[in-house]
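Comments concern the structure below.
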Amino acid sequence: MAELNKAYEAKKVEDRIYKLWEKSGFFNPDKLPKRHKTPFTILMPPPNANDPLHVGHAVFVTLEDILIRYNRMQGKKTLWLPGADHAGFETQVVYEKKLAKQGRSRFDMKREEFYKEVWDYTQKNRKTVKEQLKKLGASCDWTRDTFTLDAHIIKTVYKTFKKMADEGLVYRGERLVNYCTKHRTAFADLEIKHETRKDPLYYMKYGPIVVATVRPETKFGDTAIAVHPDDKRYKKYIGKELKIETVVGKRTLKVIADKEVDPEFGTGAVKVTPAHDANDFAMWERHKKEIEGPLQVIGLDGRLNENTGLYEGMKVEEAREKIVKDMKTKGLIEKIDEDYEHTIALCYKCNNVIEPMLMRQWFVKTKPLAKEAIKAVKEKETTILPKNYEKIYFHWMNNIRDWNISRQNWWGISIPAWLCEDCPKGEWTVTDGKKPTSCSKCKGKNLKQDEDVFDTWFSSSQWPFATLKYPNHKDFKTFYPTDVMETAADILFFWVARMMMLSIYQTKKAPFKYVYLHGLVRDKDRQKMSKSKGNVIDPLGVIDTYGTDALRIALTIGNMPGKDTAISEDKIRGYRNFVNKLWNISRFVHLETKNYNQNKRPTLSVKDKAILKNFEKIVKQTTKALDEFRFSHAAENLYHYIWHTYADKVIEDSKPILNNTKTRAARQYVLVKVLGDSLKLLHPFMPFITEEIYQQLPLQKKQTTIMIESWPT
RNA sequence: GGGCAAUUAGCUCAGCUGGCUAGAGCGUCUCAUUGACAUUGAGGAGGUCACAGGUUCAAGUCCUGUAUUGCCCACCA
């Protein structure tokens with residue numbers, strides 16, 4: 001060590017150290033020494049297998065690895081199970097963009113061909129991601145590495161779906177779903193975003209009544225006019241059939257009374273278009289006996305269909321313009337409010353307006369599942385950190401609506417449901433994967449599988465018990481429920497809440513004891529990182545320049561639960577200096593303790609004892625902070641101790657003491673003891689350099705790696 | 001429309017159950033210097049803790065209200 005460079009060179013050390021860890025086998029809980037009994041489990045949120053890691057991934061790897069390494073040193077039988085997500089729709093979009101660049105499209109391909117190409121693509125990416133996780137120092141058990149499309153995962157997903165179907169918790173229903181006409185698929189409510197916009201509000205003459213709407217182009221799908229039951233203006237029309245002149249001839253519409261109609265809004269009268277508006281759909285459901293059902297006028301291609309006469313084939317916006325123009329000509333528009341402010345639903349991916357579309361899809365009945373998921377948190381079977389996210393969780397759970405899990409995509413897990421073409425009503429048979437031999441209803445043999453795939457979140461919501469091989473595998477019995485789910489706060493509903501629901505449904509136990517949520521990584525000005533802004537920090541680039549340990553400390557200090565964290569190259573450089581400081585501290589101690597024999601404990605002076613006593617406080621503080629998930633505090637405290645107490649005070653004071661033969665041995669003992677234990681405390685945060693120094697320190701008893709050293713007490 | 005939070009040094013943020021003469025890192029200023037480390041050391045400047053009330057022996061810390069900012073949820077034409 002003494003011959004080594006004055007400056008620590010992370011690049012020369014890290015890969016070698018990671019190989020040492022892998023060789024030790026201790027990432028695998030089954031290979032840990034016998035003293036590691038009580039299990040401690042974290043399931044890694046599987047990164048998408050469609051892109052390399054970004055700095056946000058580095059945050060979760062760092063925090064989870066801190067927990068894992070800390071608990072491993074605490075003598076726990078520690079499992080950190082890594083994985084990769086096929087990320088259905090997300091990956092399909094990424095891959096379609098690649099195809100587009102080559103002038104190709106999935107619609108020119110066979111579904112199987114497309115699937116095969118995406119499969120190969122994700123497998124290649126998985127390798128990259130795995131290498132990157134290793135670079136970040138992740139001490140996860142690679143022997144249990146799991147892909148969301150592995151056979152045992154799919155098998156579990158099918159079993160759950162079958163069970164839910166049998167118990168009536170999933171149903172196939174015709175509902176208005178959020179449909180993106182660009183991506184040609186439906187989405188769950190969670191997957192759409194809302195935006196406030198100003199659009200014209202058209203007052204259209206429907207016979208003697210004027211109705212206000214922002215969507216004149218759906219008028220062909222009107223099946224009624226609705227007014228408030230107590231509205232004096234319209235009372236005389238309620239229950240009557242009104243003759244109405246339209247742009248394409250005359251028709252009649254019935255006037256119904258519904259208390260959901262706000263007399264204050266617009267004219268107090270509304271056109272009812274059940275096929276293209278969720279409110280109107282609900283209205284029709286309330287008045288099924290009085291009025292006609294949904295009449296679809298917009299197709300899945302986003303164009304007006306055959307029910308719209310001469311407007312057939314026009315895109316929605318185009319048709320709207322034309323219809324308004326034609327109505328004006330015919331004198332059917334009373335007035336237009338140009339700046340009507342309202343919110344519209346958009347596709348989260350392409351920002352296109354979401355078209356409510358009437359489709360038959362598979363839905364999960366969420367209310368009973370949510371009830372149990374609420375109970376688990378209320379009864380503290382699961383604790384969410386930071387605490388205030390529990391309120392958010394309850395709020396969402398209490399207002400939950402049924403979950404559409406059908407997607408019209410190609411990349412994903414196909415739905416194990418078969419439609420019988422012999423049954424007049426089209427009966428569905430759900431299995432746990434295999435094609436049924438005959439229809440469960442009529443025993444017919446003409447069965448056709450549903451072409452849709454599952455929402456990726458439906459399968460990933462089963463990750464906790466699927467990865468551990470529920471119900472019979474020893475991993476499930478040993479490691480479930482897991483200890484901590486550490487993940488990004490923005491997927492609380494998408495993933496965490498649904499894992500709670502489905503895991504409790506299948507296993508009767510909440511899947512984790514703690515949920516720890518972290519925020520987004522922002523740049524030093526708190527701006528979101530994005531490629532277009534050019535403020536993206538590439539973790540691998542940073543590692544190359546400053547080393548993994550520096551990056552990890554920089555991402556830990558100042559990172560508060562549930563809050564966004566700011567990072568800059570300056571900050572990382574600052575912590576690189578700390579890494580180097582630790583290196584030089586160790587060089588000094590190493591130089592000064594060359595011929596020191598630790599077997600004989602020398603008599604300590606008052607000052608020596610004071611140093612040890614003070615250090616005990618640091619040990620306690622660090623342990624407490626980690627037990628409370630206060631990563632930033634733990635790291636900051638250690639940083640401060642090492643630099644401004646151990647280096648600046650202890651070492652400086654030691655120089656004369658080491659030069660005195662009478663006091664030398666005792667001080668050597670103190671320096672080695674405190675440095676040795678400090679390395680252990682620091683190891684979860686900066687695993688590489690602490691291992692490198694540990695390997696060379698003249699400690700009395702040493703393990704093959706600091707990873708399995710006992711945590712200081 | 002509903003909910004959740006934040007507001008402390010130039011910047012990024014701590015300050016957990018009330019005791020602070022309010023802290024850290026970065027930045028900044030002065031000085032030192034190649035003898036573990038210049039990726040260094042010593043020292044300094046810098047804050048009426050958003051605002052207004054209240055509870056208390058005591059409030060950055062608890063309560064109420066106001067302002068500003070951010071985030072999330074939401075089927076009213």
Query raised in the report: Quick one: on RNA chain B, does A/Tyr575 or A/Glu341 contact a more 5' nucleotide (nearest heavy atom)?
Result: A/Tyr575

Report task. Using Watson-Crick or G-U wobble geometry with both distances below 3.5 Å, tell me the partner of B/rG10, or none. Result -> B/rC26

Query raised in the report: Does A/Asp677 have any salt bridge (Lys or Arg N to Asp or Glu O under 4.0 Å) partners at least two apart in sequence or in another chain, and if so, which?
Result: A/Lys673, A/Lys680

Report task. Go ahead and name the base partner of B/rA52; Watson-Crick or wobble counts if both distances stay under 3.5 Å, otherwise write none. Result -> B/rU64

Report summary line: RNA chain B nearest-nucleotide lookup for A/Leu201 and A/Glu592: closer to the 5′ end is A/Glu592

Report task. Using distance alone, with no hydrogens and no angle criterion, decide if A/His644 and A/Asp648 have a side-chain donor and acceptor under 3.5 Å apart. Result -> yes

Query raised in the report: Considering Watson-Crick and G-U wobble pairs with both distances under 3.5 Å, what does B/rG46 pair with?
Result: none

Report task. Select one nucleotide: of B/rU39, B/rC37, B/rA74, the one nearest the side-chain heavy atoms of A/Ala7. Result -> B/rU39

Query raised in the report: Using purine N1 to pyrimidine N3 plus N6-O4 or O6-N4 for Watson-Crick, or N1-O2 and O6-N3 for G-U wobble, each under 3.5 Å, what pairs with B/rG41?
Result: B/rC31

Requested in this report: Among the candidates B/rC37, B/rA36, B/rA24, find the nucleotide nearest to the side-chain atoms of A/His640.
Outcome: B/rA24

Query raised in the report: So does A/Lys581 get a side-chain nitrogen or oxygen closer than 4.0 Å to the phosphate oxygens (OP1/OP2) of B/rC37?
Result: no

Query raised in the report: Expressed in whole Å, how much space separates the P atoms belonging to B/rG15 and B/rA45?
Result: 26 Å

Query raised in the report: Which of these nucleotides, B/rC72, B/rG2, B/rU39, is closest to any side-chain atom of A/His395?
Result: B/rG2

Requested in this report: Give the ring-plane orientation class for A/Tyr639 versus A/Phe578, where under 30° counts as parallel, over 60° as perpendicular and anything between as tilted.
Outcome: tilted

Requested in this report: For B/rC71, give its Watson-Crick or G-U wobble partner with both distances under 3.5 Å, or none.
Outcome: B/rG3

Query raised in the report: For the side chain of A/Ile392, counting heavy atoms from C-beta on, which of B/rC4, B/rC37, B/rG15 is nearest?
Result: B/rC4

Query - Proximal nucleotide (of B/rA36, B/rG25, B/rU39) relative to the A/His644 side chain - result: B/rG25

Requested in this report: Establish, with yes or no, whether the OP1 or OP2 oxygen of B/rG41 is under 4.0 angstrom from a side-chain nitrogen or oxygen of A/Trp643.
Outcome: yes

**Report entry** Side-chain donor or acceptor of A/Thr622 paired with backbone N/O of A/Ala634 under 3.5 Å
**Finding:** no

Query - Base-pairing mate for B/rG18 - Watson-Crick or G-U, with both contacts under 3.5 Å - result: none

Requested in this report: For B/rG23 and B/rC16, measure between their C1' atoms and round to the nearest Å.
Outcome: 15 Å

**Report entry** Which nucleotide in B/rA74, B/rA36, B/rA14 has an atom nearest any side-chain atom of A/His633
**Finding:** B/rA14

Report task. Using whole Å, report how far CG of A/Leu492 lies from C1' of B/rC72. Result -> 10 Å

Query raised in the report: Of the nucleotides B/rC4, B/rA24, B/rG41, which has the atom closest to the A/Glu636 side chain?
Result: B/rA24

Report task. Verify the contact: side-chain N or O of A/Asn577 to OP1 or OP2 of B/rC37, cut-off strictly under 4.0 Å; return yes or no. Result -> no

Query raised in the report: With respect to the side chain of A/Asp648, which nucleotide from B/rA74, B/rC16, B/rA42 is positioned closest?
Result: B/rA42

Requested in this report: Hey, can you tell me if A/Tyr641 and A/Phe615 have their rings parallel, tilted or perpendicular (30° and 60° cut-offs)?
Outcome: tilted

Query raised in the report: Does A/Ile225 reach the side chain of A/Ile244, with side-chain heavy atoms less than 4.5 Å apart?
Result: yes

Query raised in the report: Nearest to the side chain of A/Arg526, which nucleotide is it out of B/rU39, B/rA36, B/rU12?
Result: B/rU12

Query raised in the report: OP1 or OP2 of B/rC16 sitting under 4.0 Å from any side-chain N/O of A/Lys387?
Result: no

Report task. For B/rC29 and B/rG46, measure between their P atoms and round to the nearest Å. Result -> 16 Å

Query - Close side-chain approach of A/Met560 to A/Thr565, heavy-atom, < 4.5 Å - result: no

Report summary line: From the candidates B/rG15, B/rC13, B/rA36, the one with an atom nearest any side-chain atom of A/Ala566 is B/rC13

Query - Side-chain N,O (A/Lys391) to OP1/OP2 (B/rA5) below 4.0 Å - result: yes

